[in-house]
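To start, the structure under review is shown below, and the notes come after it.
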2 protein chains.
Amino acid sequence: MAQHAPSHLSVGMMLFPSLTLLDLAGPYDVFSRMPGAHVYLVASSLEPIRTEKGLTLTPDTSFENAPLFDILFVPGGPGQQLVMEDEGFLNFLRERGQTARLLTSVCTGSLILGAAGLLQGYRATTHWRYLDLLSLLGAQPVAERVIVDRNRITGAGVSAGIDLALSIVSVLFGKDVAQSIQLSIEYDPQPPFPGGSPNSADPELVAGLSAKLDDVYTKRRRQIERIVARL
Amino acid sequence: MAQHAPSHLSVGMMLFPSLTLLDLAGPYDVFSRMPGAHVYLVASSLEPIRTEKGLTLTPDTSFENAPLFDILFVPGGPGQQLVMEDEGFLNFLRERGQTARLLTSVCTGSLILGAAGLLQGYRATTHWRYLDLLSLLGAQPVAERVIVDRNRITGAGVSAGIDLALSIVSVLFGKDVAQSIQLSIEYDPQPPFPGGSPNSADPELVAGLSAKLDDVYTKRRRQIERIVARL
């Protein structure tokens, strides 16, 4: 299970406009606590990036200057729609994906990995509303919190990134290190209500939110069909 | 329980160097999904801020230009030590705290609220390692995930911010809105291991991490004793 970690563990976290902050921040605060880890915040340029709800953050590594990564991570968010047709971004993922030990994503970041062709033949997950779209990209959608299939590790919507990252730490460093990080960020979640997943939520609530996301869903489906037709 | 929210709900999230990103990002992605909410990222100036592990983010509101807030929120992180003696920062909290509907914090942000004198006579919580320090600041420490005492709402370490923010949404908008946000960020946490709190973790692990944090703990205790002596 646990493997010796190299003295410098290189983590590349991909940034793009309109990513969802928590998709990034959960894994970021777990990865950056791994022994000997260096986290790179990678984008096409070092220009500040406006995330989904307006907060601006700044990449520290451009595609040009990026090292090889042990872990390559892709967050999700509405900007996923643009990135899925950004050949520079997808080519960077394809190229760096060849040498990464782990290829990982959370939420609709999985659709980006899929658009780069990196989930073909893999079991994978994403935000519940978009789960079936993974099959268009050659993946086998699984409605679970975190899916590990060989070196592809994907997480469900937004907040699943914390569970995903802790799972990754346990794969790389073993259970003790993962639990120590979990205790340091006091990850003993106690949602005030049940219902954080479509399985546990009130069906009426699921139907309502699902309907609200219908337009986005349909746009994404059409876009993915176009992308796949071009391949 | 639920109260009518104003058409524009103003949320002030305080930024400072070396804050912990997830302390901020969990509540940020919940607050920014509240109907009619506007989230302000507030700091003494608009200069970019380097957070605990290196990621840089940019405030959008200076103390000078900040509006009144319905919710005032303070994250934690190692930078808490500097901020606790920054009179400009503390005075801003004291002044804006008078008109805020809710005064809230997560992790060691509670020590900052306390240093501003805003938790005197209140039940409150913070990161488990620093919990007893709250009593030096006139608060009554409680080892729970989220503590609501009148209009002071405080959360435990780092990841508790998500639970804290969802609790706040339910206070302001009712359970349905909170659950809808919870479902949209798929907050159905499934930590890969138990042990995210000192109550559930292996005692040896707790003792080990606790010892690692002894120096920081002692420094914070001495600092708070100095601050309290000056009052």
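Chain naming here is simple, since letters A, B, ... match the order of the sequence lines and numbering starts at 1 in each.
Of all heavy-atom pairs between A:Ser180 and B:Leu209, the closest is O-CD2, 3.8 Å. When all heavy atoms of B:Asp29 and A:Lys53 are compared, the closest pair comes out as OD1-CG, 4.0 Å. Of all non-hydrogen atoms in A:Lys175 and B:Phe193, the two that sit nearest each other are CG-CE2, 3.4 Å.
With values rounded to the nearest 0.5 angstrom, A:Lys212 atom NZ is found 8.5 Å from B:Ser184 atom OG. A distance of 6.5 Å separates CG in B:Leu55 from CG in A:Leu24, rounded to the nearest 0.5 Å.
Of the two parts of A:Leu41, only the side chain, counted from C-beta on, holds a non-hydrogen atom closer than 4.5 Å to a non-hydrogen atom of chain B. For B:Tyr187, the parts lying under 4.5 angstrom from a heavy atom of chain A are both the backbone and the side chain. Both the backbone and the side chain of B:Pro198 come within less than 4.5 Å of a heavy atom in chain A. For B:Leu21, the parts lying under 4.5 angstrom from a heavy atom of chain A are both the backbone and the side chain. Heavy atoms closer than 4.5 Å to chain A are found in both the backbone and the side chain of B:Ala156. Using a 4.5 Å cut-off between heavy atoms, A:Val146 does not touch chain B at all. At a 4.5 Å heavy-atom cutoff, A:Asn199 makes no contact with chain B through either its backbone or its side chain. Interface remark: A:Leu183 contributes backbone and side-chain atoms alike to the contact with chain B (heavy atom separation under 4.5 Å).
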Legend entry - B:Glu186/A:Arg129 under side-chain contact (heavy atoms from CB on, under 4.5 Å): CA gap, chis, key distance, verdict: CA-CA 10 Å; B:Glu186 203 160 348; A:Arg129 185 63 185 86; over 6 Å; no
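By number of non-hydrogen pairs under 4.5 angstrom with chain B, the leading residue of A:Ile185, A:Val39, A:Thr58, A:Thr56 is A:Ile185.
Between the side chain of A:Gln190 and the backbone N or O of B:Asp163 there is no donor-acceptor pair closer than 3.5 Å.
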